[in-house]
Amino acid sequence: MTMLRRLARTLRWTVAALGGLWSVLIMLLMAGSLALSIAMAVVPAVFAAVSGVVETVTGIRSLHSRQIAREARLADNLTRAETRAATEAAERRAVTGRADNLARALADSRAAQARMARELADSPVTYRGTRMAAREAVKDTATRVSRRTAVATTRNVASMAGEALPVIGVGVIAAATAWELRDACLMMGEMRALDAAFNPDDPVTDDEICGLTPPTREELWQMVRSSPGAAWDAARGLYDGLPEVSLGGSYARISGWAGEVYDWAFGDAPEAAP
């Protein structure tokens, strides 16, 4: 009986000792797990090592591996974006540089043109036997041509009513035409003088206009009396808007009356056409 009691007591001590050891083991495991969790949260290397062990054992990618892969992709995307931004910035700088070069070239060209224009305007020329600046020669020619044009225009407008007079307007037309040729010849002379100042070796000639001889009033009247249809057709070929006119017997009778008026006005009517 005493043996049984001792055996029971021994068993109870053994169980109690084993329970204490189990409790200590559990506490150590809990402490180690807590320490490992803290280390994984605080020390990235520990977290990486534990993740690697778990991934090796289970064959499943760990959160750490996925995070590393994601960060690698982001870093690669960032690198490509930075490279693309650097390339675009270089292209923009190149374009800006070319634009700046073109702007400077254009400014230089305009400055050179302005300088050449000033030099040309200030360059001396021989104009009407006198040495003067080119701009002064151009100004003098423009003044002369403007004055002559104003006088010729005023004369032409003033002579329109006289030209419209029946029969005797032929004399006004002949006189006005002679004055127009004279004005044109004088203006060509002005332009020739200016051209000779800038191009003395090969000046233009005004002989083509100045050599023309206007018809007299007798010649004009003879053309009207002898060939009125041809005269009218020639005018229609030069000026738009003139109507087509049939000159028949009525015009012949009017022409006879006009001859009498011409003879009365000028005293020397030419012979009538047969």
Item to check | Connected via hydrophobic side-chain network under 4.5 Å: Leu186 and Leu181 | outcome: no
Item to check | Met132 vs Asp140 side-chain heavy atoms within contact, under 4.5 Å | outcome: no
Checklist outcome for this item: What one should report as the nearest heavy-atom pair of Ala134 and Val125 is CA-CG2, 4.0 Å
Next on the checklist: Distance check, rounded to the nearest 0.5 Å: Glu180 atom CD versus Asp183 atom CG?
Outcome noted: 8.0 Å
Checklist entry - Within the side chain of Glu219, is there an N or O that forms a donor-acceptor pair under 3.5 Å with the backbone of Thr216? => result yes
Checklist entry - So Arg104 and Asp108, salt bridge (charged side-chain N to carboxylate O under 4.0 Å, His left out) or not? Walk me through it. => result CA-CA 6 Å; Arg104 285 193 295 270; Asp108 294 341; over 6 Å; no
Next on the checklist: Let me confirm one number: the CZ-CZ distance from Arg144 to Arg128, rounded to the nearest 0.5 Å.
Outcome noted: 4.0 Å
Checklist entry - Once you round to the nearest 0.5 Å, how far does CD of Glu163 lie from CG of Leu165? => result 10.0 Å
Checklist entry - Which heavy atom in Ala174 sits nearest to a heavy atom in Pro215, and how many Å separate them? => result CB-O, 3.9 Å
Checklist entry - Within the distance-only criterion (no hydrogens, no angle test), does the side chain of Asn101 pair as donor or acceptor with the backbone N or O of Gly97 below 3.5 angstrom? => result yes
Checklist entry - Rounded to the nearest 0.5 Å, how far apart are CD of Glu82 and CG of Asn77? => result 11.0 Å
Checklist entry - Can you tell me how far the CD atom of Glu88 sits from the OG1 atom of Thr83, to the nearest 0.5 Å? => result 11.0 Å
Item to check | Heavy-atom closest contact (Ala193 atom, Tyr127 atom, distance) | outcome: O-CD1, 3.9 Å
Next on the checklist: Minimum heavy-atom separation for Thr177 and Pro214, please, with both atom names.
Outcome noted: CG2-CB, 4.1 Å
Next on the checklist: Checking the side chain of Ser109 only, and the main-chain atoms of Ala105 only, is there a donor and an acceptor separated by less than 3.5 Å?
Outcome noted: no
Next on the checklist: Between Val138 and Phe198, is the side-chain contact (heavy atoms from CB on, under 4.5 Å) condition met? List the steps.
Outcome noted: CA-CA 10 Å; Val138 173; Phe198 287 91; 3.9 Å; yes
Next on the checklist: Is there a path of hydrophobic side-chain contacts, each under 4.5 Å between heavy atoms of I/L/V/M/F/W/Y residues, joining Leu238 to Leu242?
Outcome noted: yes
Checklist entry - Hey, does Arg70 have a side-chain heavy atom less than 4.5 Å from the side chain of Leu74? => result yes
Next on the checklist: I'd like to know whether CD of Glu244 has more than 12 heavy-atom contacts from other residues, nucleotides or ligands below 6.0 angstrom.
Outcome noted: no
Next on the checklist: With a 6.0 Å cut-off (strictly less than), is the heavy-atom count around CE of Met191, excluding the residue itself, greater than 12?
Outcome noted: no
Checklist entry - Hey, is the main chain of Val170 close enough, under 3.5 Å, to the side chain of Arg217 for a donor-acceptor pair? => result no
Checklist entry - Pro243 and Trp232: which non-hydrogen atoms are nearest, and at how many Å? => result O-NE1, 2.8 Å
